[in-house]
2 protein chains.
Amino acid sequence: MDDKTHRWCASRATVFKALGHPTRVFIVQELSKGEECVCHLTEKIGADISTVSKHLAILKSAGIVSDDKRGLQVFYKLRMPCVLGVFGCVDKIMAEDLRDRESLIR
Amino acid sequence: MDDKTHRWCASRATVFKALGHPTRVFIVQELSKGEECVCHLTEKIGADISTVSKHLAILKSAGIVSDDKRGLQVFYKLRMPCVLGVFGCVDKIMAEDLRDRESLIR
DNA sequence: ATACTATTTGGCTGTTTGGCAAAATACCCT
DNA sequence: AGGGTATTTTGCCAAACAGCCAAATAGTAT
């Protein structure tokens with residue numbers, strides 16, 4: 001793999017890596033309904049707020065979400081709605097896996 | 001986050017995690033052109049064959065590729081073509097980031 | 001300025017990942 | 001069976017990650 005290709009693949013991989021954690025998948029899912037403040041997300045997730053903040057920072061640096069400080073609170077929102085289409089494909093993969101497992105039983 | 005939601009998010013995250021490595025992104029890209037044997041992929045990647053084999057195992061267990069042993073060789077192929085659409089979204093995110101960085105300069 | 005609240009950052013620990021090399025496995029051929 | 005090739009598995013080490021706590025920062029209100 002030449003250097004240029006490697007950098008390209010690495011950039012893409014960064015986005016996927018950002019989505020590669022249950023909490024971060026959950027955050028994206030929640031944000032698909034509209035923007036949320038960190039405190040609200042933290043409640044729903046049920047982890048330490050510092051942990052949630054770090055997850056958000058990862059999503060942000062991958063370009064998946066953007067933040068907006070208003071008063072004391074910071075609101076995060078989805079920056080690229082196409083991520084939801086991505087979920088559609090991932091769900092298809094998961095469904096296919098399920099079918100494979102079932103066909104082993106039959 | 002309740003237990004059921006967590007399992008759901010974790011399944012999705014597994015697929016993303018599988019795509020979260022430059023080498024594995026490259027493999028998916030290559031396989032989009034058609035099936036390939038491990039040896040051929042290894043050549044293109046330029047890493048130890050055992051390393052490539054592990055990457056393929058990760059993609060396979062995530063349901064992204066499937067394998068087919070024919071004689072001595074094992075051929076891998078994309079199982080869900082929609083992954084390429086996913087790349088389209090990721091590329092959009094990357095392009096957006098680039099624009100943001102440029103807008104800082106202006 | 002002080003007190004208070006929301007969020008981020010730094011530091012620590014245990015866990016996971018990625019890579020190579022060596023050994024094991026699987027298949028073919030004679 | 002024995003030799004050769006393609007691939008996977010195992011063992012090991014260094015680097016990266018995830019989580020919590022405590023400390024730092026930023027904004028608001030008195």
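Throughout, protein chains are lettered first and strands after them, A, B, ... in sequence-line order, and every chain is numbered starting at 1.
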Give the B/S/- string for nucleotides 2-12 of chain C, one per nucleotide from 5' to 3', where a protein heavy atom under 4.0 Å of the base yields B, of only the sugar-phosphate yields S, and otherwise -.
---BSBBBBB-

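- Going from atom CG of A:L19 over to atom P of D:dA18 covers 12 Å, rounded to whole Å.
- Between B:E36 and B:K77, none of the side-chain N atoms (NZ, or NE/NH1/NH2) sits under 4.0 Å from a carboxylate O, so this pair counts as no salt bridge.
- Residue contacts shown for B:K17 are limited to sugar-phosphate atoms, with no base heavy atom under 4.0 Å away.
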Donor-acceptor pairs under 3.5 Å, side chain of residues 13-23 of chain B to any protein atom, not counting sequence neighbours: which ones?
from	atom 1	to	atom 2	distance (Å)
B:T14	OG1	B:A10	O	2.9
B:H21	ND1	B:T23	N	3.1

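- A salt bridge links A:R79 with B:D97: at least one charged nitrogen is closer than 4.0 Å to a carboxylate oxygen.
- With rounding to whole Å, A:H21 atom NE2 is found 18 Å from D:dA16 atom P.
- For A:I45 and D:dA18, the CD1 to P distance is 13 Å, given to the nearest whole Å.
- Side-chain N/O atoms of A:H55 include one lying less than 4.0 angstrom from OP1 or OP2 on D:dG19.
- Between the NZ atom of B:K60 and the P atom of D:dT7 there is a distance of 13 Å, rounded to whole Å.
- In the hydrophobic cluster analysis, where Ile, Leu, Val, Met, Phe, Trp and Tyr join through side-chain heavy atoms closer than 4.5 angstrom, B:I58 is grouped apart from B:F87.
- Linking Ile, Leu, Val, Met, Phe, Trp and Tyr whenever their side-chain heavy atoms come within less than 4.5 Å puts A:V74 and A:I64 in one cluster.
- Looking at A:K44 and B:D2, no side-chain N of the basic residue comes within less than 4.0 Å of a carboxylate O on the acidic one, giving no salt bridge.
- Counting to the nearest Å, the P atom of C:dA23 and the CG atom of B:D48 are 14 Å from each other.
- Heavy-atom distances to DNA chain D give each of A:A47 and A:R70 a nearest nucleotide, and the one nearer the 5′ end belongs to A:A47.
- Note on A:R24: only backbone sugar-phosphate atoms sit closer than 4.0 angstrom, heavy atoms only; bases stay farther off.
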